[in-house]
Amino acid sequence: TNASYSNFFGSNAGENATFASSSNFIGNGAGSGATNAAHSTFIGDSAGQNAINAVNTIFIGEGAGSGDTINTNYGGSYNSTAILIGNSTSTGGFIDGIAMGKNAINTSNNQFMVGSSGYPINQLVINGTDAYLNFGSTGGTDGYGIRDNGGTIEYKNSGGSWGALG
């Protein structure tokens, strides 16, 4: 019900979903039975199926977010979100997180989870030269964190200067 401006592609896609306006349901059973699913995208067989309070979510992969209970209405404003990419991924009931990789499950709010114990991600590749991995809200040379400076790995603490590791 209330599925204005929504798209449905696939058998039972979005069937019996409620508060589902401005959403996309793509795949067999995608988003079927989902409640409070407005402004969401469910792609893959059973993605978001029977999800509860999944407003502003993106679930991609077979069974991604299926049966999840998440409260993106935190504080009564529906400003929170969740993104799942991979088969059988889950929010774990937490908000403002991203889970990627088969069976990946968030374990806290505001988390970026990559992989799972059964399907670990063993490599992280940052492609390019002179790349930065910054913390806080400032990126690049003005921020703090770890960087590749022409092949030399350097670190910088908050308020400090860039220096070589080890």
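This one's a predicted model, so the numbers in the text were calculated from it and none came from an experiment.
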Out of curiosity, [X] [atom1] to [Y] [atom2], how far, rounded to the nearest 0.5 Å?
| X | Y | atom1 | atom2 | result |
| --- | --- | --- | --- | --- |
| Ile43 | Ile60 | CD1 | CD1 | 4.5 Å |
| Thr69 | Ile52 | OG1 | CD1 | 3.5 Å |
| Asn56 | Ile58 | CG | CD1 | 9.0 Å |
| Ile26 | Asp45 | CD1 | CG | 12.0 Å |
| Ile153 | Leu133 | CD1 | CG | 10.5 Å |
| Gln111 | Asp96 | CD | CG | 12.0 Å |

Is a side-chain N or O of [X] found less than 3.5 angstrom from the main chain of [Y], in a donor-acceptor match?
| X | Y | answer |
| --- | --- | --- |
| Asn28 | Gly10 | no |
| Asn16 | Ser32 | no |
| Ser46 | Gly63 | no |
| Asn2 | Ala20 | no |
| Ser21 | Ala38 | no |
| Ser40 | Ala54 | yes |

Which pairs would a plain distance check flag for residues 157-166, meaning a side-chain donor or acceptor within less than 3.5 Å of a matching protein atom at least two apart in sequence or in another chain?
unit_1: Trp162; atom_1: NE1; unit_2: Thr141; atom_2: O; d: 3.0

Could you pull out all residues at least two apart from Tyr144 that satisfy ring pair (Phe, Tyr, Trp, His ring centres under 6.0 Å)?
-> none
What salt bridge (charged side-chain N to carboxylate O under 4.0 Å, His left out) pairs are there with at least one residue in residues 140-166, not counting sequence neighbours?
-> Arg147-Glu154
With a 3.5 Å cut-off and no angle check, do the side chains of [X] and [Y] form a donor-acceptor pair?
| X | Y | answer |
| --- | --- | --- |
| Asn7 | Asn24 | yes |
| Thr35 | Thr18 | no |
| Asn53 | Asn36 | yes |

Of all the heavy-atom pairs spanning [X] and [Y], show the shortest one and how long it is.
| X | Y | answer |
| --- | --- | --- |
| Ala17 | Gly31 | CB-O, 3.5 Å |
| Ala47 | Gly61 | CB-O, 3.5 Å |
| Met100 | Ala104 | O-CB, 3.4 Å |

Any chance you could pull the hydrophobic cluster mates of Ile105, using side-chain heavy atoms under 4.5 angstrom and chaining through other members?
-> none
Donor-acceptor contacts under 3.5 Å from residues 82-94 side chains, at least two apart:
unit_1: Asn87; atom_1: OD1; unit_2: Glu62; atom_2: N; d: 2.8
unit_1: Thr89; atom_1: OG1; unit_2: Gly86; atom_2: O; d: 3.0
unit_1: Ser90; atom_1: OG; unit_2: Asp68; atom_2: OD1; d: 2.8
unit_1: Ser90; atom_1: OG; unit_2: Gly92; atom_2: N; d: 3.0
unit_1: Thr91; atom_1: OG1; unit_2: Asp68; atom_2: OD2; d: 2.8
unit_1: Thr91; atom_1: OG1; unit_2: Gly93; atom_2: N; d: 3.0

Just jot down the side-chain hydrogen bond (donor to acceptor under 3.5 Å, both in side chains) partners of Glu15, sequence neighbours excluded, or say none.
-> none
Using a 4.5 Å cut-off on heavy atoms from C-beta on, say whether the side chain of Tyr132 contacts that of Ile126.
-> no
Look at atom CZ of Phe112 and say whether more than 12 heavy atoms of other residues, nucleotides or ligands are closer to it than 6.0 Å.
-> yes
Kindly work out whether a path of hydrophobic side-chain contacts (I/L/V/M/F/W/Y, heavy atoms less than 4.5 Å apart) joins Tyr119 to Ile121.
-> no
